[in-house]
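See structure below.
Worth saying up front: this structure is predicted, and the values here are computed from it rather than measured. Computation of the quantities below employed the complete heavy-atom set of this structure, encompassing side-chain atoms and omitting hydrogens, waters and symmetry-equivalent molecules. Naming convention: chains lettered A, B, ... in sequence-line order (proteins, then strands); numbering from 1 in each chain.
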Amino acid sequence: MPELPEVEVTRRSFGPRIEGARITGVRLGKPLRWPLGCDAQALIGQTIGATTRRGKYLWLPLDRGGLLMHLGMSGSLQFSPLPLAPPGAHDHFDLVTSRGTLRMTDPRRFGAVLWSPALDRDPAAALLAGLGIEPFDTGFDGAYLHAALRARRGSVKTILLGGDVVVGAGNIYACEALFAAGIDPRTRGLRLSRPRCARLATALRDTLAAALTLGGSTLRDFRDAHGAAGGFQHVARVYGRAGEPCTLCGTAVRRIVQGQRATYFCPHCQRR
DNA sequence: CGGGACGCCTGTGAGC
DNA sequence: TGCTCACAGGCGTCCC
């Protein structure tokens, strides 16, 4: 589910409201990807700072260390100043605070809540170490992308998904950005010219920005921390549209598999 | 080191 | 209706 826009939309929807709150209780459900990494009771009494995001990770700083959160494939967070309903089968983490409760729901449990002594110390540091540049960083442009792709033999779609060159694009936005840039997703990184890299950098930023404005994509169950659905799925040009006509040229959108993930593209508008 | 496959886990929809 | 199978928004790990 959650790619950069969904994670950022989630952050904005609860971060400011929980900042300054004091933790009064912690409830753990079924195991997520990793154990919490600390005694849950040790979190009680600590104050939450300003929530930040790096790639698709969220960081909630505490008085002692902080919590690194990831929504995995099916995770979402909700925040309410009022007591929440009793936890359901997929509610695996409740952070009860003086301002309200933050709850992580994640049916597939690929998500994570992990305590770390600091963002730049393990385990957080190890998880963030290989991440590429933020797409909204001013350093992310055609020159950067061109230099980063120069030695890469893999397909540009797979590279975008990898997150080690630039973070934030998952399957939806990688497909959509490549469509917007007119680039065939099978094109090898090292084959992309500097001008096409510039187009791709712009396309990725614009695609993610549009998704942010629309509150992310709700294909099935994504909601922000207040329960609001996203709207980007209504403006997607290729994702999930196999066989349907391209909105630009009418050619049937194709679905192929790259790295065991579905890729959607227009074989006419997107060129190698 | 780059690249590709695997596995984590559950829900859903299609097809029989 | 009920069953089986393919597939789903991510990513750490392992192997070549």
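Listed candidates were B:dC8, C:dA8, B:dG3. Nearest to the side chain of A:Arg153 is B:dG3. Of the listed nucleotides (B:dC9, C:dG9, B:dA5), B:dA5 has the atom at the smallest distance from the side chain of A:Gln260. Counting only heavy atoms from C-beta on, A:Glu3 has its side chain closest to C:dG9 among B:dG3, C:dG12, C:dG9. Picking from B:dG3, C:dG9, B:dC8 the nucleotide with the shortest atom distance to the side chain of A:Phe110 gives B:dC8. Of the listed nucleotides (C:dG9, C:dG12, B:dT10), C:dG12 has the atom at the smallest distance from the side chain of A:Trp34. Closest approach to the A:His70 side chain among B:dG2, C:dA8, C:dG10 is made by C:dG10 (side chain taken as heavy atoms from C-beta onward).
When the C1' atom of C:dG9 is taken as reference, atom CD of A:Glu176 falls 13 Å away, rounded to whole Å. One interatomic measurement links the two molecules: CG of A:Asp164 to P of B:dC1, which rounds to 12 Å at whole-angstrom precision. Atom P of nucleotide C:dC11 and atom CG of A:Leu160 are separated by 13 Å, given to the nearest angstrom. Computed from coordinates, the A:Leu127 CG to C:dG10 P distance equals 17 Å when rounded to whole Å. Look at OH on A:Tyr239: it is 10 Å from C1' on C:dC7, rounded to the nearest Å. Per the geometry, CG belonging to A:Leu219 stands 15 Å off C1' belonging to B:dG13, to the nearest Å. In this structure, A:Asp106 atom CG and B:dT10 atom C1' are separated by 10 Å, rounded to whole Å. When rounded to the nearest whole Å, the span between CZ of A:Arg261 and C1' of B:dG7 equals 14 Å.
The shortest non-hydrogen separation linking A:Ser74 to A:Pro2 is N-CD, 4.5 Å.
Salt bridge A:Arg254/A:Asp184: absent, no basic N to carboxylate O contact under 4.0 Å.
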| said: Evaluate A:Tyr264 against A:Glu244 for side-chain hydrogen bond (donor to acceptor under 3.5 Å, both in side chains), listing each step before the verdict. | reply: CA-CA 11 Å; A:Tyr264 300 88; A:Glu244 295 175 40; over 6 Å; no
_Before you tell me yes or no, could you show the steps for A:Arg99 and A:Glu19 under salt bridge (charged side-chain N to carboxylate O under 4.0 Å, His left out), namely the whole-Å CA-CA distance, both residues' side-chain angles and the distance that decides it to 0.1 Å?_
CA-CA 9 Å; A:Arg99 300 254 176 92; A:Glu19 184 175 350; over 6 Å; no
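Side-chain N/O atoms of A:Tyr173 include none lying less than 4.0 angstrom from OP1 or OP2 on C:dG10. Between A:Arg108 and the phosphate of C:dC7, there is no side-chain N or O to OP1/OP2 separation shorter than 4.0 Å.
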Dot-bracket for DNA chain B, 5' to 3', Watson-Crick and G-U pairs with both distances under 3.5 Å, [ ] for crossing pairs, | for partner on another strand, reads .|||||||.|||||||
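A:Tyr173 and A:Ser217 form a side-chain donor-acceptor contact under 3.5 Å, judged by distance and modelled atom types alone. Using a 3.5 Å distance cut-off with no hydrogens or angles, the side chains of A:Thr10 and A:Asp224 do not pair a donor with an acceptor.
Counting distance only, with no hydrogens placed and no angle test, the side-chain atoms of A:Arg109 and the base atoms of B:dC9 include no donor-acceptor pair under 3.5 Å. Applying the 3.5 Å distance criterion, the base of C:dA8 shares no donor-acceptor pair with the side chain of A:Arg220.
Taking the P atom of each, B:dT12 and C:dC11 are spaced 23 Å apart, rounded to whole Å.
At a threshold of 4.0 angstrom between heavy atoms, the contacts of A:Phe232 with the nucleic acid are absent. Looking at heavy-atom distances under 4.0 Å, A:Arg255 makes contact with sugar-phosphate atoms alone, never a base.
Between the side chain of A:Arg188 and the backbone N or O of A:Arg153 there is at least one donor-acceptor pair closer than 3.5 Å.
Two residues, A:Lys30 and A:Ala151, neighbour DNA chain B, and the one matched to the more 5' nucleotide by heavy-atom proximity is A:Ala151.
Each of A:Thr24, A:Asp63, A:Leu36 was evaluated against A:Leu43; a single residue qualifies, A:Leu36, per the side-chain contact (heavy atoms from CB on, under 4.5 Å) test.
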